[in-house]
Amino acid sequence: MGRNSQLMVPVIMILFIELTVTVNGELQRFVHPATKADGSISVLVIGDWGRKGMYNQSQLAYQMGITAEKKDVDFIISTGDNFYPSGLTDENDPAFDESFTNIYTAPSLLKKWYTVLGNHDYRGNAIAQLSPILKAKDSKWFCMKSFILNTDIAEFFFIDTTPFEDKYFTDPEDEVYDWRGVLPRDKYLSTLLRDLESALTESRAKWKIVVGHHTIKSVGIHGNTKKLVQKVLPILEANDVDLYINGHDHCLEHISSHHSRLQFLTSGGGSKAWRGGYDRTSINEKEMRFYYDGQGFMTMQITETDIDIDFYDIFGNVLHKWGASKSYFSSI
C-alpha cells in the first residue's frame, strides 16, 4: 500500500506552517496543511502520559504506533499532564527525552504533537514546555497554553484550563505552581474567555473542536470541573462546538449532551490508570455513552461530512465507536 511504503521512508518530514496572526491578541493561529487528496484528517489523542515509560506508558506507545500506522495519522493531540510528577525543571530536564522523545519512536508517531499544559505541568517550570529549545531538540513537539489549529475541514481550539481551578490558588497544599503569564488571574481568564468566544463565533469551520486538560463533564475521580461548566460550557454550546476533548481523569470516556450536538471525550489513559472512580450522580445517566478505567487512547477520522471516533485499550482492542455527520448524530 502507498501508505505503508510512505511510513518506511527513513526521514519523516513533519509538515507544519506557522502563521504570525493572532486572534484578538491572545489565541495565535497555526495551520496544519492537508496531506490527503480529499482533505480528510486522521488524529490520535493521548493524555496524562509522561512517566518515563512506567505504568505501561511504553507498552501503550507501542500500540499507538501500530494504530497510527493503520489509521495514517496526520498529527497527535496531547491533552496535558505531559511530565509527572511536577512538569519539567527547565529545558534541559532529561525527563523530556525519557518520557517523550525516547518513548514515542514509531515512524507513525513522528508527526507533530499539538500539546496543552495540565495541572502537573504547572507544578514545574511551565514556561520550559513552551520553549523553542524543546522544538529544536525534537521537531514533533509543539506546546502552547492556548492556540488555534486550522485544517481544511476542522478547527481545533486549544485552551489553558488549569488556571480555572480555584483550589490550585486557594489550597495548593505542598505544591508550587508556576503562574508566570497567568497573574493577575481574573484578567487572564476573562481575556481567554473573550478570545475563545470571539474565535468560535467567527469560525466557519465544518467541525469545531475544543481541547483542554480538565474535564467539563466526567464520571471519573475528578468529576465535572465547576468553573468550566459555568464559564466555558455556555460558550461552546452557543457556538455549535462539536467536541470537547480533555484528559485529567485517567480513563477513556464519552458523554453526550441531551440538548446540543456537543460530545465530551476524555482521553487521559496514557500511563497510570485504574483509579476506581465512577460517580454516576455527576451527569444525566442517559448522556453516559462509554467509560473505561484503564490505559488507552482515542482516534478521530474527520471528513467534510463525517467524523468517526474510536477508543482503544493497551492491546489495540476497539472498546467503543461513535460516529456523526452534519445532518445527524448517531451511535454506531
Side-chain angles (χ1 to χ4, degrees), residues 7 12 42-85 87-88 94-121 129 138 140-143 211 213 215 218 220-222 245-254 265-278 290-301 308-322:
L7 289 169
I12 307 295
S42 178
V43 184
L44 187 148
V45 184
I46 186 74
D48 303 81
W49 41 266
R51 296 184 186 271
K52 302 180 181 179
M54 296 184 291
Y55 296 99
N56 289 332
Q57 184 194 0
S58 293
Q59 291 88 333
L60 188 64
Y62 173 77
Q63 189 58 56
M64 287 167 57
I66 295 172
T67 303
E69 181 176 353
K70 291 178 180 177
K71 293 284 188 177
D72 194 15
V73 161
D74 294 290
F75 57 86
I76 293 94
I77 288 174
S78 170
T79 58
D81 275 3
N82 309 311
F83 302 99
Y84 286 94
L88 298 178
F96 182 74
D97 291 328
E98 294 166 350
S99 289
F100 180 63
T101 300
N102 297 343
I103 301 295
Y104 303 106
T105 57
S108 59
L109 299 179
L110 301 183
K111 310 292 179 68
K112 191 63 73 176
W113 284 57
Y114 298 107
T115 305
V116 292
L117 298 175
N119 52 298
H120 281 268
D121 300 311
Q129 292 195 43
D138 190 327
K140 64 180 183 286
W141 180 257
F142 181 91
C143 183
V211 179
H213 176 64
T215 61
S218 173
I221 194 168
H222 292 298
I245 300 173
N246 61 270
H248 197 45
D249 269 332
H250 296 183
C251 62
L252 305 176
E253 190 172 22
H254 175 199
L265 305 174
T266 298
S267 184
S271 57
K272 189 176 182 179
W274 306 107
R275 303 184 73 173
Y278 187 91
F290 165 70
Y291 179 81
Y292 177 68
D293 187 32
Q295 288 108 349
F297 56 92
M298 184 183 92
T299 62
M300 298 186 288
Q301 306 289 127
D308 290 293
I309 306 293
D310 292 337
F311 286 91
Y312 297 83
D313 68 11
I314 196 170
F315 304 108
N317 299 313
V318 177
L319 303 175
H320 175 67
K321 298 172 72 70
W322 177 84

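Residues: numbered from 1 along the sequence shown. Reckoned from all heavy atoms, side chains included, excluding hydrogens, waters and symmetry mates.
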Taking atom types as modelled, is there a side-chain donor on H248 or N119 under 3.5 Å from an acceptor on the other?
yes
Could you walk me through whether H250 and D293 pass side-chain contact (heavy atoms from CB on, under 4.5 Å), step by step?
CA-CA 7 Å; H250 296 183; D293 187 32; 6.0 Å; no
Would you find a donor on one side and an acceptor on the other, under 3.5 Å apart, between the side chain of D97 and the backbone of P94?
no
Residues S267 and V45: closest non-hydrogen pair is OG-O, 2.8 Å
Which atom pair, heavy atoms only, marks the closest approach of G65 to A106?
CA-CB, 3.7 Å
Centres of the H254 and F290 rings: under 6.0 Å?
no
For a 4.5 angstrom cut-off between non-hydrogen side-chain atoms, does L60 reach I46?
yes
Donor-acceptor contact below 3.5 Å, side chain D313 vs main chain G316:
yes
Using modelled atom types and a 3.5 Å cut-off, is there a donor and acceptor pairing between side-chain atoms of T266 and backbone atoms of L252?
no
Minimum side-chain heavy-atom gap M64-L109 below 4.5 Å:
yes
Just verifying a value: how many Å separate C143 SG and D121 CG, rounded to the nearest 0.5 Å?
7.0 Å
Considering residues at least two apart in sequence or located in another chain, which fulfil the salt bridge (charged side-chain N to carboxylate O under 4.0 Å, His left out) criterion with K52?
E98
Side chains of N246 and T79: closer than 4.5 Å at any heavy-atom pair?
no
Does any non-hydrogen side-chain atom of K111 lie less than 4.5 Å from one of L44?
no
Can you check side-chain contact (heavy atoms from CB on, under 4.5 Å) on T67 and F297, steps first, answer last?
CA-CA 10 Å; T67 303; F297 56 92; 3.5 Å; yes
Surrounding OH of Y292 (heavy atoms of other residues, nucleotides or ligands, distance under 6.0 Å), is the total greater than 12?
yes
Please name all residues satisfying salt bridge (charged side-chain N to carboxylate O under 4.0 Å, His left out) with D74, sequence neighbours left out, ordered by chain then number.
K36
Euclidean distance, Q57 CD relative to I314 CD1, rounded to 0.5 Å:
10.5 Å
Is there a donor in the side chain of T215 and an acceptor in the side chain of D249, or the other way round, less than 3.5 Å apart?
no
Ion pair check, D48 and K272, cut-off under 4.0 Å:
no
Counting C-beta onward and ignoring hydrogens, is there a side-chain heavy-atom pair between Y312 and V318 closer than 4.5 Å?
yes
Given 3.5 Å as the limit, does a donor-acceptor pair link the side chain of S218 with the main chain of G220, or not?
yes
With a 6.0 Å cut-off on ring centres, are Y114 and F75 close enough?
yes
Would you say the side-chain atoms of D138 and T101 include a donor-acceptor pair closer than 3.5 Å?
yes
Is there a donor-acceptor pair closer than 3.5 Å between any side-chain N or O of K321 and the backbone N or O of D308?
no
Distance col, row F96:CZ vs N102:CG, nearest 0.5 angstrom, shows 10.0 Å
Going by the salt bridge (charged side-chain N to carboxylate O under 4.0 Å, His left out) test, which pairs reach into residues 56-65, not counting sequence neighbours?
none
Does a donor on one side chain sit under 3.5 Å from an acceptor on the other, for S99 and W49?
no
Interatomic distance, Y84 atom OH to R51 atom CZ [nearest 0.5 angstrom]
5.0 Å
Does any donor atom in the side chain of S271 or Q295 lie under 3.5 Å from an acceptor atom in the other side chain?
no
Are the aromatic ring centres of W274 and Y55 under 6.0 angstrom apart?
no
Between W113 and Y104 (judged by ring centroids, cut-off 6.0 Å), do the two rings come close enough to count as a pair?
yes
Considering non-hydrogen atoms only, spot the tightest contact between H120 and D81 and give its length.
N-OD1, 2.9 Å
More than 12 heavy atoms of other groups within 6.0 Å of Y291 OH
yes
One should read off an interatomic distance between I76 CD1 and T299 OG1, to the nearest 0.5 angstrom, of 12.0 Å
Give the C-alpha distance, both sets of side-chain angles, the deciding distance and a yes or no for side-chain contact (heavy atoms from CB on, under 4.5 Å) between I309 and H320.
CA-CA 8 Å; I309 306 293; H320 175 67; 5.9 Å; no
Looking only at non-hydrogen atoms, find the nearest pair between Q301 and S42 and report the distance.
OE1-OG, 2.6 Å
Roughly how far apart are Q129 CD and N82 CG, rounded to 0.5 Å?
5.0 Å
